[in-house]
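Remember, predicted model here, so these are calculated numbers, not experimental data. Scope of the values below: all heavy atoms of this structure, side chains included, with no hydrogens, waters or symmetry mates.
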Amino acid sequence: MVSMREKMLSKVLIFAFFSHRLTVHVLFSQLLLCYLPNDRALWEQELAKKRSQYEAFKDEFLSNTVGGNTAIRGPEGHSGGNAEHVQNGSLDRSEIAQDEHPLSLGKTKEWNQFVEYSEMIEQVDRDVKRTHPDMHFFCGDSSFAKSNQESLKNILIIFAKLNAGIRYVQGMNEILAPLFFVFRNDPDYKNANFAEADSFFCFVELLSGLRDNFCQKLDNSAVGIQGTLSKLMQLLRKYDGELQHHLEIRTEVNPQFYAFRWITLLLTQEFNFADTIHIWDTLLTDPDGPQETLLRICCAMLILVRKRLLAGDFTSNLKLLQSYPPTNIGHLLYVANKLQ
């Protein structure tokens, strides 16, 4: 029985014979992340609907943004309290009630929300400006780079407002970057102009299967990041018990020291940008979502450097795993596939 995901993949591969490679990456991502429906006849209608919805999100959440800060809005996204009086990212003093003033001993919920949200905006801004500093697409003084930074920032802010249980977590900019890069470079100029909207919805879909790794309240649960790290070590123990014992018992190099970043950032910091996109092509084809394939790839990364790890101590192994050496991505994915 051919799965629905395999059918979608076949559509992309067939389309590859007639399309530019970047267009294939765009369709590949949008189909496998369920952004596009299976029926190609509905694509144009669905895209128009989603893009219009994203513009509505921008109007609701970003319309009062001035100088990088946005007015306070309530849990449902609607302005609350004195939000309409926010000017240049700060509240007009004359419009702040005594118990809402920052120097008041009885700070209200509205003021606390404003402070928390302002801090989040500043963090997003800092992270976006640090995204792939080696790529002119993301960094530099050009209007193109600044426009791309603004799009990343918009997406992350809207995501945070719509997902109050998670908000923004450092590193989400790195997960968003490959999606936006591919969509913004679509040879179809019309689609490239809607890269921000398309990236937003695909980013939401991608994180939907990984959100437990970002939820702080679940960190120490079986479904949180600690549980995911334990699954990685269980997988390594299954295929290379000697290496697992050496890392965790003999040298005490726990996965929190290196695999936390591997998993939460989907390997975006371990390989160059082109290799990251290659790896993501494989992650997105997993019918059960990217997590299981991600764990197999992480396990394969450990196995491929096992000789160096077995000969190393805590310091050398930690240095090796926190700065993973260049590797043949095709071979890495081959080894990971053998771990199924």
Just by distance, do the side chain of [X] and the backbone of [Y] share a donor-acceptor pair under 3.5 Å?
{"X": "Asn328", "Y": "His331", "result": "yes"}
{"X": "Asp39", "Y": "Ala41", "result": "yes"}
{"X": "Arg261", "Y": "Gln322", "result": "yes"}
{"X": "Ser52", "Y": "Ala48", "result": "no"}
{"X": "Asp240", "Y": "Leu236", "result": "no"}
{"X": "Asn173", "Y": "Thr131", "result": "no"}
{"X": "Ser316", "Y": "Gly312", "result": "no"}
{"X": "Asn148", "Y": "Phe144", "result": "yes"}
{"X": "His246", "Y": "Leu309", "result": "yes"}
{"X": "Ser230", "Y": "Gln226", "result": "yes"}

Restricting to non-hydrogen atoms, name the atom on [X] and the atom on [Y] that form the minimum distance, rounded to 0.1 Å.
{"X": "Arg296", "Y": "Leu339", "answer": "O-CD1, 3.5 Å"}
{"X": "Phe57", "Y": "Ile158", "answer": "CB-CG2, 4.0 Å"}
{"X": "Cys139", "Y": "His132", "answer": "SG-O, 3.8 Å"}
{"X": "Leu235", "Y": "Cys299", "answer": "CD2-CB, 3.8 Å"}
{"X": "Arg306", "Y": "Leu243", "answer": "CB-CD2, 3.8 Å"}
{"X": "Met233", "Y": "Pro255", "answer": "CG-CG, 3.8 Å"}

Are the aromatic rings of Phe194 and Tyr54 close, with centres under 6.0 Å apart?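 Ring centres of Tyr54 and Phe194 not closer than 6.0 Å.
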For Phe203 together with Phe159, are the ring centres under 6.0 Å from each other?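 Distance test on ring centres: under 6.0 Å, yes.
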Given Val335 and Ile297, is the side-chain contact (heavy atoms from CB on, under 4.5 Å) satisfied, shown in steps? CA-CA 8 Å; Val335 173; Ile297 294 174; over 6 Å; no
Can you tell me how far apart [atom1] ([X]) and [atom2] ([Y]) are? Round to the nearest 0.5 Å.
{"X": "Ser143", "Y": "Glu150", "atom1": "OG", "atom2": "CD", "value": "13.0 Å"}
{"X": "Asn337", "Y": "Leu332", "atom1": "CG", "atom2": "CG", "value": "11.0 Å"}
{"X": "Thr327", "Y": "Glu270", "atom1": "OG1", "atom2": "CD", "value": "12.5 Å"}
{"X": "Glu248", "Y": "Glu252", "atom1": "CD", "atom2": "CD", "value": "10.5 Å"}
{"X": "Leu267", "Y": "His278", "atom1": "CG", "atom2": "NE2", "value": "13.0 Å"}
{"X": "Ile175", "Y": "Leu207", "atom1": "CD1", "atom2": "CG", "value": "5.5 Å"}

Does [X] pair with [Y] as a salt bridge, N-O distance under 4.0 Å?
{"X": "Glu60", "Y": "Lys161", "answer": "no"}
{"X": "Lys58", "Y": "Glu196", "answer": "yes"}
{"X": "Asp198", "Y": "Lys50", "answer": "no"}

Stepwise side-chain contact (heavy atoms from CB on, under 4.5 Å) test for Phe200 and Asn154: CA-CA 9 Å; Phe200 169 78; Asn154 290 343; over 6 Å; no
Could you walk me through whether Phe181 and Ile277 satisfy the side-chain contact (heavy atoms from CB on, under 4.5 Å) test, starting with their C-alpha distance in whole Å, then the side-chain angles of each, then the deciding distance to 0.1 Å, before giving a yes or no? CA-CA 10 Å; Phe181 177 85; Ile277 292 178; 4.2 Å; yes
Would you please say whether a donor-acceptor pair under 3.5 Å links the side chains of Tyr168 and Asp127?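 Yes, because at least one side-chain N or O of Tyr168 sits under 3.5 Å from a partner of the opposite role on Asp127.
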[X] versus [Y]: any side-chain heavy-atom pair under 4.5 Å?
{"X": "Phe201", "Y": "Ile155", "value": "no"}
{"X": "Phe257", "Y": "Leu247", "value": "no"}
{"X": "Arg250", "Y": "Leu310", "value": "no"}
{"X": "Phe183", "Y": "Cys202", "value": "yes"}
{"X": "Leu162", "Y": "Phe61", "value": "yes"}
{"X": "Trp280", "Y": "Leu179", "value": "yes"}
{"X": "Leu294", "Y": "Thr228", "value": "no"}
{"X": "Tyr324", "Y": "Leu304", "value": "yes"}

I'd like to know whether Asn193 forms a side-chain hydrogen bond (donor to acceptor under 3.5 Å, both in side chains) with Arg51, so could you lay out the CA-CA distance, the side-chain angles of the two residues, the decisive distance to 0.1 Å, and finally the verdict. CA-CA 11 Å; Asn193 284 337; Arg51 291 163 177 174; over 6 Å; no
Above 12 or not: heavy atoms from other molecules or residues under 6.0 Å from [atom1] of [X]?
{"X": "Asp141", "atom1": "CG", "value": "no"}
{"X": "Glu55", "atom1": "CD", "value": "yes"}
{"X": "Arg126", "atom1": "CZ", "value": "yes"}

Is Leu47 reachable from Leu42 through a run of hydrophobic residues whose side-chain heavy atoms are each under 4.5 Å from the next? no
Look at the rings of Phe180 and Phe137 and say which category their plane angle falls in: under 30° parallel, 30 to 60° tilted, over 60° perpendicular. tilted
Before giving the answer on side-chain contact (heavy atoms from CB on, under 4.5 Å), spell out for Tyr117 and Ile157 the whole-Å C-alpha distance, their side-chain angles and the decisive distance to 0.1 Å. CA-CA 9 Å; Tyr117 190 53; Ile157 292 172; 3.0 Å; yes
